[in-house]
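The analysis underlying the following values was restricted to heavy atoms, covering all of them including side chains, and did not include hydrogens, waters or symmetry mates. Below, chains carry the letters A, B, ... as their sequence lines are ordered, and counting in each starts from 1. Fair warning: this is a prediction, and the values are worked out from it, not measured in the lab.
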Protein chains: 4
Amino acid sequence: MMIPAQEEVALSRVARRKVETNRRLLKVARQLFSEKGIYWAKVEDITELADLGKGTFYKYFESKEAIIRVLLEEGLSELAAETDAAVRRASSPAKILSAAITTRVDFFLRHPDYLLLFHQVRGMLQLQVDAAKGLLEVYDAHLRWLAKAVRPAVEGTEASTARDLATAIAAYTSGLLTYHVLFEGAEGVRRRRDSLVHAIEQSVKALIKSGSGRSISLKRGK
Amino acid sequence: MMIPAQEEVALSRVARRKVETNRRLLKVARQLFSEKGIYWAKVEDITELADLGKGTFYKYFESKEAIIRVLLEEGLSELAAETDAAVRRASSPAKILSAAITTRVDFFLRHPDYLLLFHQVRGMLQLQVDAAKGLLEVYDAHLRWLAKAVRPAVEGTEASTARDLATAIAAYTSGLLTYHVLFEGAEGVRRRRDSLVHAIEQSVKALIKSGSGRSISLKRGK
Amino acid sequence: MMIPAQEEVALSRVARRKVETNRRLLKVARQLFSEKGIYWAKVEDITELADLGKGTFYKYFESKEAIIRVLLEEGLSELAAETDAAVRRASSPAKILSAAITTRVDFFLRHPDYLLLFHQVRGMLQLQVDAAKGLLEVYDAHLRWLAKAVRPAVEGTEASTARDLATAIAAYTSGLLTYHVLFEGAEGVRRRRDSLVHAIEQSVKALIKSGSGRSISLKRGK
Amino acid sequence: MMIPAQEEVALSRVARRKVETNRRLLKVARQLFSEKGIYWAKVEDITELADLGKGTFYKYFESKEAIIRVLLEEGLSELAAETDAAVRRASSPAKILSAAITTRVDFFLRHPDYLLLFHQVRGMLQLQVDAAKGLLEVYDAHLRWLAKAVRPAVEGTEASTARDLATAIAAYTSGLLTYHVLFEGAEGVRRRRDSLVHAIEQSVKALIKSGSGRSISLKRGK
DNA sequence: TATGAATGAGTGTTCATTCAT
DNA sequence: AATGAATGAACACTCATTCAT
């Protein structure tokens with residue numbers, strides 16, 4: 001992992017400004033995408049809020065679609081990094097699940113904009129639309145990674161089991177949070193954070209137990 | 001539930017044609033929204049595929065947004081109707097859950113276009129966009145209804161518990177199916193239907209049990 | 001050849017309006033392309049001058065490039081038709097050349113806008129630019145046709161000779177008129193019409209004679 | 001004609017670099033204008049290919065239009081210089097024509113980029129566009145010079161005759177070469193160089209003869 | 001009622017030019 | 001002098017919607 005402070009110290013003032021501009025565009029785009037959606041947010045809205053000329057956007061991103069892709073990659077990679085750290089700290093297979101779920105919930109409660117962005121991207125991915133090309137692979141890579149990370153929790157089973165488990169974790173978390181944020185607002189959901197984490201954990205664990213006679217078996221923690 | 005044949009018999013030929021045109025537009029719109037998404041599908045695509053003049057669309061629906069709303073209402077109400085029938089058939093509180101979940105899964109496997117449409121609408125609902133106005137209430141009403149329908153499964157608890165249960169059923173189903181359809185295709189998911197139904201059931205039931213010490217308690221079936 | 005009056009009588013009012021709009025767009029585009037050039041003339045300039053909405057343009061032509069192509073085809077085909085008529089009237093091979101040249105000069109003096117449009121298109125055709133695709137073939141077809149039309153004037157020689165002759169006729173006419181219009185204005189050139197026709201005729205005929213020992217030989221008229 | 005070596009020796013290193021940069025920009029611009037045309041070639045394409053910063057372009061040329069003007073002037077003056085040298089070498093009035101035509105053809109076969117650039121400029125000159133201002137005078141000066149240079153070939157006639165002759169030489173050469181390059185490629189035309197030179201010579205000389213009874217009369221060489 | 005020609009505000013994107021470094 | 005980040009006016013093209021027929 002990079003140490004930004006040091007890295008940037010090595011850059012010239014101009015280079016630092018470029019990095020800063022890049023960041024500002026991404027930040028503003030994330031905000032606007034979550035306020036108006038990837039479709040209704042215009043490139044000009046982004047540059048205006050970022051206090052930049054419209055042309056500047058295209059110096060940093062090839063197209064509107066490109067910035068969505070970068071945000072998706074950044075978001076998923078940040079989520080993966082946090083999950084990775086938490087999973088490493090887990091002392092038993094069972095705790096791995098808790099760690100992954102908790103991290104995921106907390107990530108989305110901290111970044112409801114990503115919750116919505118990912119939701120919209122998942123919607124787009126199912127369309128026969130150019131914009132979807134390539135993004136599917138990005139998302140799939142994330143799930144493959146998550147499957148690998150939670151593999152110890154279902155040790156001894158086939159790889160496909162871990163993938164199903166990863167899918168369930170992702171689906172339940174995104175699904176439940178989206179519904180609750182929708183009807184209760186982000187703040188309301190934040191207050192119920194513990195109960196939601198608990199609920200998802202139970203649901204996912206039930207999945208493993210139930211699968212024992214089938215394809216998923218839980219490796220009991222100590 | 002209505003009996004179309006009888007109803008239409010009572011209508012004049014002109015009126016029957018109108019109903020038929022209305023239906024064709026809705027059907028075609030559903031198809032195109034799920035192929036290209038509500039944004040990328042143009043009104044003209046719809047009328048063209050429906051073999052109608054472009055102006056005709058606006059004789060039946062005030063706007064593109066309006067047809068989305070009608071589709072949402074129709075879809076949710078069909079889903080509710082099927083769920084209602086299944087739940088009525090359930091002989092015990094526990095079976096109510098199974099019935100609701102199974103119906104939901106089967107509904108979306110039969111109508112993957114609704115799965116995607118609802119997904120897109122949920123995304124839109126979070127936006128500060130005119131198009132979202134009003135739709136939230138439609139969706140909320142459906143969940144309120146579902147909460148009421150599954151209430152017997154958590155009898156004795158507060159209303160909010162049933163609502164949480166309904167939310168979980170809806171969220172888990174939509175979430176899991178969306179992810180699986182995304183990466184495995186609708187056909188692949190259809191083949192795994194049983195295992196997905198089972199998984200969601202387990203997940204939802206675990207939720208109730210876990211909640212017993214908290215807020216959700218399962219009314220055991222006989 | 002069609003008889004517009006009759007043909008249009010058969011069309012509905014709406015259809016007649018469409019034909020009329022199509023014509024107006026072509027006419028206005030021709031004018032503007034010759035005033036500002038194919039690059040500096042904007043689509044909006046065209047629709048504005050045609051007193052139409054901007055979108056209307058795209059109902060009639062796929063793109064700006066498309067209308068250029070249509071104008072090129074129309075212009076070349078009109079030129080070919082006039083040349084054809086004149087050549088048919090020619091009573092001897094030698095007169096064929098005169099007829100072709102005279103028609104060409106008169107065509108461009110009557111339509112200086114085509115003189116410029118064709119000039120611009122020839123310039124574009126040499127570029128490695130998408131817009132050039134396809135247009136080359138249109139132009140080439142015209143020259144092939146012209147070669148065939150003047151073939152009798154160089155009877156007995158190879159086909160390539162006729163093609164060279166056609167090229168010379170086209171090149172000398174366009175070249176000379178363009179230079180003269182440039183420095184003397186269209187009106188000035190119109191006044192010298194006879195001398196220019198005569199000059200080009202002499203030049204082209206000299207070409208044939210000179211080629212006699214080589215590849216071009218003139219078929220003497222009576 | 002300047003003697004670069006000597007001239008540059010007198011310059012400081014910095015000044016020499018400036019001259020070199022200036023030349024590189026002109027060379028690259030010529031190449032790109034002939035590949036993509038003066039409109040489609042971007043300033044950034046030029047500086048990039050010249051391996052310079054974009055801003056540098058504007059240190060050397062006021063605008064994109066300005067570099068076109070410089071290229072036109074340079075090209076025409078180089079062409080004039082070569083023609084001048086050849087014409088001086090001509091031992092008779094008749095040979096002056098041959099010299100002028102041969103030089104012109106060879107110049108364009110050596111520099112097909114100038115053939116295209118001049119063609120595009122001639123097109124632009126007819127437009128009511130700011131970019132055309134001033135360029136017309138540059139082109140006109142060249143033709144006035146050419147008229148003077150070929151004057152001996154039509155000695156005794158009015159000045160306007162020489163101008164018409166100059167126009168014909170320029171028009172026939174550019175016209176014919178453009179058409180042939182267009183359909184046969186620069187390489188193909190180069191192979192037919194002799195026959196094209198011969199053809200243009202005959203055409204131009206026929207012009208003089210024919211004009212004798214009118215306005216152009218050929219001063220016979222020995 | 002049904003139509004589809006017409007519309008024009010709005011979109012993503014481009015590019016010549018500027019200017020702080 | 002050289003740079004290249006920033007700019008914003010312009011442009012080609014789109015599409016939901018209207019309305020005369």
B/Lys18 NZ to E/dA2 P, straight-line distance once rounded to whole Å = 7 Å
query = How close or far is atom C1' of E/dA16 from atom CD of D/Glu48, stated in whole angstroms?
reply = 15 Å
request  = Map A/Gly53 and D/Val14 onto DNA chain F by nearest heavy atom, then report which one ends up closer to the 5' terminus.
outcome  = D/Val14
inquiry  = D/Lys64 vs D/Phe33, test: side-chain contact (heavy atoms from CB on, under 4.5 Å). Steps then yes/no.
reply    = CA-CA 11 Å; D/Lys64 191 178 160 184; D/Phe33 285 156; 4.3 Å; yes
ask   = NA contact type, D/Ser63, heavy-atom cut-off 4.0 Å: base, sugar-phosphate, or nothing?
value = sugar-phosphate
query = Closest nucleotide of DNA chain E for C/Thr21 versus for B/Thr56: which of these residues is on the 5' side?
reply = B/Thr56
request  = Could you tell me whether the phosphate oxygens of E/dT1, OP1 or OP2, come under 4.0 Å of any side-chain nitrogen or oxygen in B/Lys59?
outcome  = no
query = What about D/Lys54, does its side chain sit under 3.5 Å from the base of E/dT17 through a donor-acceptor pair?
reply = yes
query = At under 4.0 Å, does any side-chain N or O of C/Tyr39 touch on OP1 or OP2 of F/dC11?
reply = no
inquiry  = On DNA chain F, does the nearest nucleotide to C/Glu65 precede the nearest nucleotide to B/Glu62 from the 5' side, or the other way round? Give the residue.
reply    = C/Glu65
key: Any strand: nucleotide that pairs with F/dA6 via Watson-Crick or wobble, under 3.5 Å   = E/dT17
message = If I take atom CZ in residue C/Arg23 and atom P in nucleotide E/dA5, what distance separates them, rounded to the nearest angstrom?
response = 17 Å
side-chain contact (heavy atoms from CB on, under 4.5 Å) partner of C/Gln31, the single match among C/Asp45, C/Leu26, C/Leu49, C/Ile46 = C/Leu49
request  = Starting at atom CZ of C/Arg17, determine the distance to atom P of F/dC19, rounded to an integer number of angstrom.
outcome  = 15 Å
task = For the pair C/Tyr39 and D/Trp40, name the ring-plane relationship: parallel under 30°, tilted 30 to 60°, perpendicular over 60°.
result = tilted
query = How would you label the contact of B/Phe61 with the nucleic acid (heavy atoms, under 4.0 Å): base, sugar-phosphate, or nothing?
reply = nothing
ask   = Which one, E/dG12, E/dT17, F/dA6, comes nearest to the side chain of A/Val43?
value = E/dG12
message = Strictly distance-based, threshold 3.5 Å: is any side-chain N or O of C/Lys54 a donor or acceptor partner for the main-chain N or O of C/Glu48?
response = no
note = Atom OH of B/Tyr58 and atom C1' of F/dA20 are separated, to the nearest Å, by 18 Å
remark   = Re F/dA1: Watson-Crick or G-U wobble partner, both distances kept under 3.5 Å, found to be none
task = May I ask you to verify if any side-chain N or O of B/Tyr60 is less than 4.0 angstrom from the OP1 or OP2 atom of E/dA2?
result = yes
task = Starting from C1' on E/dT1, measure out to CG on B/Leu52 and report it in whole angstrom.
result = 12 Å
request  = Verify the neighbour count for atom NZ of B/Lys27: are there more than 12 heavy atoms of other residues, nucleotides or ligands below 6.0 Å?
outcome  = no
query = Pick the nucleotide of DNA chain E nearest each of A/Lys64 and B/Asp51; which residue has the one closer to the 5' end?
reply = B/Asp51
request  = Let me know the distance between NZ of D/Lys36 and P of E/dA16, rounded to the nearest Å.
outcome  = 11 Å
ask   = Taking 4.0 angstrom as the limit, do D/Arg69 and D/Glu73 come out as a salt bridge?
value = yes
inquiry  = From CZ of B/Phe57 over to P of F/dC19, roughly how many Å is that when rounded to an integer?
reply    = 17 Å
